[in-house]
Structures are given as C-alpha cells and as structure tokens.
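For reference, the structure discussed in these notes is given below.
Numbers restart at 1 for each chain; the letters A, B, ... are given by sequence-line order, proteins then strands.
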Amino acid sequence: MEILAITQHSLKQGEVYNLKGKLIRHEGKLTLQSAEPSESHTTTIKGIKSVYDFDPNFYQVSVAGRLVSLRSMGKAIFGHLQDATGRIQIYIKKDIVGDDKFQAFDTLFDVGDIIGVEGKLFRTSTGELTVEVNDFKMLAKSLRPLPEKWHGLRDVELRYRQRYLDLISNEKARKITLLRSRLLSEIRRFLDERGFLEVETPILQPIASGANAKPFITYHNYLEQNLYLRIAPELYLKRLIVGGFNRVYELGKNFRNEGVDTTHNPEFTMLEFYCAYWDYRDLIKFTEELFSHLLTKLLGTFQISYQGVTLDFTPPYRVVKYFDLLKEKTGKEKDFFLRDIDGLRKLAVEIGVPKAETLTHAKLLDKVFDLLVEDELTGPVFVIDFPKILSPLAKTHREDADLVERFELFVAGKEIANAYTELNDPIEQRNRFLEQLKEKEMGDEEAMQMDEDFITALEHGMPPTAGEGVGIDRLVMLLADVDSIREVILFPALRQR
RNA sequence: GAGCCGGUAGCUCAGUCCGGUAGAGCAACGGACUUUUAAUCCGUGGGUCGCGGGUUCAAAUCCCGCCCGGCUCACCA
C-alpha cells in the first residue's frame with residue numbers, strides 16, 4: 001500500500017518523523033515512498049464538474065489537488081480538494097476503503113497535503129457533487145500549515161512575498177491571475193488574426209531610448225561595456241518596419257529605475273504594436289475594436305465598474321484635443337502654453353506645481369496638464385493632438401506644426417494607451433533627439449537619448465506607420481477593479497528582507 | 001524623500017489610550033462521532049509581543065533609534 005510520501009529516503013521501522021508537529025512512527029505496515037502522479041490526475045476539477053453536468057453517466061473519476069478542508073466523522077471523512085479551477089468534495093468511508101487505509105488516511109493526511117483520489121461521483125443530500133473515494137494516494141506532503149481557512153491570508157506583505165499562499169487561500173488572487181492570462185492570450189489572438197507578427201527585441205540594449213525614463217544599468221563582462229535594461233522596445237520595433245515587416249507587436253516587460261507605488265512597479269508589461277500605412281486616426285478605431293474584443297471575451301459587457309464608478313466602453317469613445325482641455329480649464333489658448341514660458345511658469349507656481357521655478361518648458365507644460373486635467377479624465381477618452389515638445393518620436397501634425405499626430409487613451413484618470421503616427425523623417429528625427437539632449441542639459445534627467453543607429457535605419461526609409469503602446473498592468477487593474485498594481489503582478493518588487 | 005497607519009501563537013485578530021502573571025478563534029495534538037461542509041462535543045500544548053536602547057520596583061503597553069510593509073504626497077508624463 002503506497003500512501004505516504006515524506007522524502008526520497010526510506011524510513012526504517014520504528015523511526016519517528018515530525019510532520020507539522022505530528023509525530024509519525026513508521027510501523028512497517030505502510031510503504032513510505034514517493035508516489036508517481038498518474039496521467040489521469042491531470043484533469044482539472046472544473047473539467048470534471050462540467051463533464052458531469054453534461055453527462056451524469058460519467059461518474060468514475062480520478063482527481064488530484066490540494067486538500068483544503070477535512071471533517072472527520074469517526075468512520076467517515078469529508079474534505080475538499082482544490083486546484084486553480086475549483087473545489088470538489090471528497091467522501092471517504094471506512095466500509096469502502098477498508099480499515100487499514102481508513103486508519104492511514106485519518107492519521108497521516110492533513111489539510112495542505114496534495115493528494116490523488118479515485119472514486120465515483122454522487123450528489124449529497126444538499127446536492128453537492130462529491131467523490132466517493134475507493135482509493136487515494138499521497139502525492140506531496142505539506143510540512144507547514146495553510147493560512148486560516150475562513151479569513152484566508154490577509155497580511156499584505158505575506159501575500160506578496162509568498163504569493164503561492166495567496167493563490168491557495170484567496171479566490172480573488174486566483175481570479176486576477178486567470179484574468180491576466182486570458183487577457184494576454186486574447187490580445188495575441190486579436191493581433192494574430194489581423195496579420196500582426198509577434199516578435200522579440202532586445203531587453204539588454206546599448207542605449208536605453210524610446211521613452212522618457214531612468215534605466216537600470218548592467219555590465220556585460222565579455223563585451224566589456226554597459227548595457228541598459230530596455231525602457232521601451234519602440235526603436236527596435238520600428239527597425240523591423242524598415243525591414244519590411246509591416247505589422248509587428250511585442251508583449252513583454254519594460255524596466256524603469258524609478259519610484260514604486262500603487263501604479264508603478266520597476267518592471268511592468270507593455271504591449272507595443274506597429275502598422276505600416278496607418279495613421280493615428282486608424283489606431284483610434286483599431287483601439288476601440290481591440291477593447292471591444294477584450295471586454296466581450298473577458299467580461300461579457302461594455303459597462304465596467306471601477307472603484308465604484310461605472311465606465312462605458314461602448315464605442316465610439318469621446319475624442320478631445322489636448323489644448324481644448326487646457327483652454328477649458330484656464331481660458332488660455334495654445335500660444336500661451338507654447339510661447340509664453342514665463343506666463344506658463346507663473347501659472348504652474350499658482351496651481352502648485354512643485355519645483356516649477358526650475359522645470360524646462362516641456363516639463364512645465366506636462367505638469368500643468370497633469371495637475372489640471374488628468375484626474376478628471378474618467379473616460380474612456382482619447383486625448384489627441386499633443387504638443388510636439390512632448391513627443392520626440394511622433395510625426396508633426398498635418399495641419400499644425402506645433403502639434404503631433406498623437407493620442408493617449410485615458411480611463412479613470414490613468415493613461416492606458418499612448419499612440420501616434422510615427423515620425424519617419426530621419427532628418428527631423430535627429431533634430432528632435434538634439435532637442436531632447438538640450439532638455440537633458442537643462443536638467444531633465446528623463447529626456448530621451450539619441451540613438452544614431454536608429455536614425456541610420458530611418459535613413460533607409462520607413463514607410464508611414466502608426467504605433468501604439470498599451471500598459472497591460474493598468475489594463476488588468478481596470479478589468480479586475482483593483483487599485484494597486486501589486487494586485488495584478490504576481491511577484492511585485494519588494495525590499496529584500 | 002516626507003506625513004499618517006500597521007508589525008502580538010503557523011494564520012485571522014483582541015490587548016497599547018490609562019504600565020501590574022500574554023488572550024480568543026482557526027490550525028495542531030489526544031479522545032468521541034458513518035451525509036459533513038466555517039461540522040460538532042470533551043481535553044491538551046503552543047509566544048524573541050518586528051529589532052535595539054532608555055525610563056520604571058515592574059514595559060506588548062511610555063520615550064528614543066532602526067528594520068519591514070500599507071496608504072497619501074513628492075518623484076515617476
């Protein structure tokens with residue numbers, strides 16, 4: 001009888017082992033060896049339940065999972081097995097499994113153990129689907145107790161540091177994990193079906209560019225040079241457009257060496273996709289289609305509730321111009337914000353922009369917009385036609401040389417997506433980078449870096465292209481209705497203990 | 001980086017204001033119980049009160065410093 005797996009070591013008769021405070025004496029009656037999981041244990045609990053609903057004649061099952069509850073009645077034992085998909089009750093009767101096995105289960109099996117059972121499905125008097133067990137197997141012994149069965153694991157720090165316990169004991173953590181996984185696969189499916197090619201570009205980059213952020217620096221011993229963890233894949237994805245792949249996307253991590261809070265983690269997941277021969281207006285429509293697809297597949301509705309506010313994602317979304325928003329708030333025209341730097345600085349000081357005296361023009365404008373407008377963009381709303389000084393990689397607006405063809409999608413005051421018609425003029429791109437270098441000299445640490453190789457690529461000709469980035473973590477937060485990014489990242493950044 | 005809040009048994013939490021033998025529930029351990037489901041009933045064990053210092057006859061409790069976490073702000077478009 002192969003019941004208990006303690007370790008790979010064989011136990012001598014009479015030897016005493018301490019399991020979770022329980023002293024186990026090996027009497028020689030049990031063969032204590034690690035049991036192999038059988039293939040039939042790979043079905044999910046949810047799968048078993050749905051097959052039974054479909055075909056009640058299906059009743060002989062074999063299922064494995066973590067034992068999460070136990071109720072011993074003397075000569076019968078009830079318990080629940082759990083996997084990521086659900087729970088199923090098991091019923092072990094002395095009459096059925098025999099005295100020895102019943103005794104073994106009663107003394108050796110604990111809540112937390114991973115076990116396999118075989119038996120018949122039936123419904124109890126209360127109607128709960130249950131496995132009447134005729135054989136069982138220890139698959140992995142748990143030496144430590146599970147968190148409290150009723151309250152689960154509440155300690156936020158422990159939930160993050162030992163996420164596996166959170167996943168075992170908190171339904172919501174499992175739901176978010178599944179939601180995130182389905183979101184990623186639906187994004188891939190949507191893009192794949194529309195001819196986009198999934199690619200992988202370098203995470204270790206000699207120049208960290210493509211966004212305004214401080215990078216993590218590392219050193220390559222063999223190349224004898226510094227490398228940066230990417231802050232964005234943008235400039236590499238555009239090289240692929242130059243190379244002739246007209247629809248590409250990358251779904252992966254970016255890294256930014258900055259503060260950690262409820263909406264920022266040093267590594268976070270971005271979707272970036274590029275399509276040749278499109279412009280930013282095509283992307284507005286495409287973004288609405290993408291979100292419609294995701295909401296239909298994941299939530300089955302266009303109305304979502306986020307932190308007590310109902311958001312309506314029925315397209316078309318509101319579209320509003322960047323400077324119209326500022327005018328609404330201040331009564332001032334675009335020229336004021338772009339030409340009257342002293343006036344803008346005065347305004348910034350008035351509304352309480354910190355360090356307004358020392359910020360560069362671009363930073364000032366950005367801060368003022370943030371403070372006055374951003375929080376009120378409940379959305380979903382496309383803010384379009386950004387100032388050029390904030391957008392070094394976007395193409396100049398066809399109707400206004402002060403602006404670029406760019407939008408950001410705001411939902412619940414958060415930026416969810418950022419897109420533009422891409423700047424594909426190598427000469428103008430060089431000048432824009434040079435402007436960024438000036439910003440850097442004026443104290444903007446996050447100003448973008450010049451990438452000569454990228455300009456060389458543009459010099460070979462990049463077709464007119466539109467590109468977009470979507471913050472996946474924030475999107476999951478929205479869909480899961482949680483207010484901290486750490487709830488949607490399985491292992492968020494924490495200080496080492 | 002600043003402010004506020006928190007850290008007590010494996011887990012969920014009381015106890016801190018107002019100093020006087022460290023508590024409950026779950027889990028564990030022993031026992032009863034063949035349809036229970038937060039099972040129930042009887043019994044037992046379990047603590048570096050985050051860490052270090054100070055005040056005091058006496059500190060989980062008061063004071064100081066530090067560590068870890070949460071929230072808000074700053075930073076980060």
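Taking 4.0 angstrom as the limit, A/R154 places none of its side-chain polar atoms (N or O) nearer than this to OP1 or OP2 of B/C11. OP1 or OP2 of B/C71 sits under 4.0 Å from a side-chain N or O of A/R486. Side-chain N/O atoms of A/K149 include none lying less than 4.0 angstrom from OP1 or OP2 on B/C11. Using a 4.0 Å cut-off, no side-chain N or O of A/R159 falls inside it from OP1 or OP2 of B/G69. Within the structure, a side-chain polar atom (N or O) of A/R495 is placed less than 4.0 Å from OP1 or OP2 of B/G69.
For the C1' atoms, the distance from B/G45 to B/A24 is 16 Å, rounded to whole Å. Here the separation of B/A74 from B/C62, taken at their C1' atoms, is 33 Å to the nearest Å. Nucleotides B/C4 and B/G46, compared at atom C1', are 35 Å apart to the nearest Å. A distance of about 12 Å separates the P atoms of B/U12 and B/G7, rounded to the whole Å. A distance of about 29 Å separates the C1' atoms of B/C11 and B/U35, rounded to the whole Å. Going from the C1' atom of B/C26 to that of B/C66 covers 34 Å, rounded to whole Å. Taking atom P on both nucleotides, B/C67 is separated from B/G52 by 15 Å, rounded to a whole Å. On the P atoms, B/A58 is 35 Å away from B/G69, given to the nearest whole Å.
If you check the side chains of A/E468 and A/N418, you find no donor sitting under 3.5 Å from an acceptor. Using a 3.5 Å distance cut-off with no hydrogens or angles, the side chains of A/T378 and A/R318 do not pair a donor with an acceptor.
Closest approach to the A/T126 side chain among B/A77, B/U34, B/U36 is made by B/U36 (side chain taken as heavy atoms from C-beta onward). When distances are taken from the side chain of A/D110 to each of B/A28, B/G25, B/C75, the shortest belongs to B/A28. For A/E157, the listed nucleotide lying nearest its side chain is B/C68; candidates were B/C68, B/U12, B/U34. Distances from the side chain of A/R71 to the nucleotides B/A39, B/U12, B/C68 place B/A39 closest. Out of B/C68, B/U12, B/U34, the shortest distance to the side chain of A/E148 is found at B/U12. Of the candidate nucleotides B/C75, B/U36, B/C11, B/U36 has the atom lying nearest to any side-chain atom of A/F78. In the set B/C71, B/U36, B/U34, the nucleotide with an atom closest to the side chain of A/D95 is B/U34. When the nucleotides B/C11, B/G70, B/C71 are ranked by their closest atom to the side chain of A/L494, B/G70 comes out on top. Closest to the side chain of A/W150, from the set B/A38, B/C71, B/U34, is B/A38. Of the candidates B/U35, B/C11, B/U36, B/U35 carries the atom nearest the A/Y91 side chain, counting heavy atoms from C-beta on.
Between the side chain of A/N212 and the base of B/A77, a donor-acceptor pair under 3.5 Å is found. Residue-to-nucleotide contacts include a donor-acceptor pair under 3.5 Å from the side chain of A/T124 to the base of B/U36. Put simply, the side chain of A/E128 and the base of B/U35 share no donor and acceptor less than 3.5 Å apart.
If you check every strand for non-hydrogen atoms under 4.0 Å, A/F122 touches a base. Within the 4.0 angstrom heavy-atom criterion, only backbone atoms of the sugar-phosphate kind lie near A/D155; the bases stay farther away. Looking at heavy-atom distances under 4.0 Å, A/K93 makes contact with a base. A/L158 comes within 4.0 angstrom of the backbone, heavy atoms only, and of no base. Residue-level contact check: A/S72 touches the bases, meaning some heavy atom is under 4.0 Å from a base atom. Note on A/K214: nothing from the nucleic acid sits closer than 4.0 angstrom, heavy atoms only. Looking at heavy-atom distances under 4.0 Å, A/G79 makes no contact with the nucleic acid at all.
Atoms OH (A/Y164) and C1' (B/C11) sit 13 Å apart, rounded to a whole Å. Atom CD1 of A/I77 and atom P of B/A39 are 14 Å apart (whole Å). Put simply, CG on A/L371 is 11 Å from P on B/C73, counting in whole angstrom units. When rounded to the nearest whole Å, the span between NE2 of A/H361 and C1' of B/A77 equals 15 Å. The nearest whole Å value for the distance from the NE2 atom in A/H151 to the P atom in B/G10 is 18 Å. One atom, CD of A/E445, and another, P of B/C75, lie 13 Å apart when rounded to the nearest Å. To the nearest angstrom, P of B/C11 lies 14 Å from CG of A/D166. One interatomic measurement links the two molecules: CG of A/L67 to P of B/U37, which rounds to 17 Å at whole-angstrom precision.
At least one side-chain heavy atom of A/K172 sits under 4.5 Å from a side-chain heavy atom of A/V482.
Test A/V383, A/L325, A/V368, A/T330 against A/V373 for side-chain contact (heavy atoms from CB on, under 4.5 Å) and you get one pass: A/L325.
Of all nucleotides present, only B/A28 satisfies the Watson-Crick or G-U wobble test against B/U44, with each distance under 3.5 Å. Summarising the base pairing, B/C13 is matched to B/G23 through a Watson-Crick or G-U wobble pair whose two defining distances lie under 3.5 Å. Nucleotide B/C33: unpaired (no Watson-Crick or G-U wobble partner with both distances less than 3.5 Å). B/G6 and B/C68 make up a base pair, with Watson-Crick or G-U wobble contacts both under 3.5 Å.
Ring planes of A/Y322 and A/F386: tilted class, angle from 30 to 60°. Ring pair A/F105/A/F136 is perpendicular by interplanar angle, where above 60° counts as perpendicular and below 30° as parallel. Ring pair A/F410/A/F369 is tilted by interplanar angle, where 30° to 60° counts as tilted. The aromatic rings of A/H397 and A/Y280 lie perpendicular to each other, with more than 60° between the two planes, well past the 30° mark.
One finds the OG1 atom of A/T465 at 8.5 Å from the NZ atom of A/K395 (value rounded to the nearest 0.5 Å).
For A/S69 and A/T130, each mapped to the nucleotide of RNA chain B holding its nearest heavy atom, the one lying further toward the 5' end belongs to A/T130.
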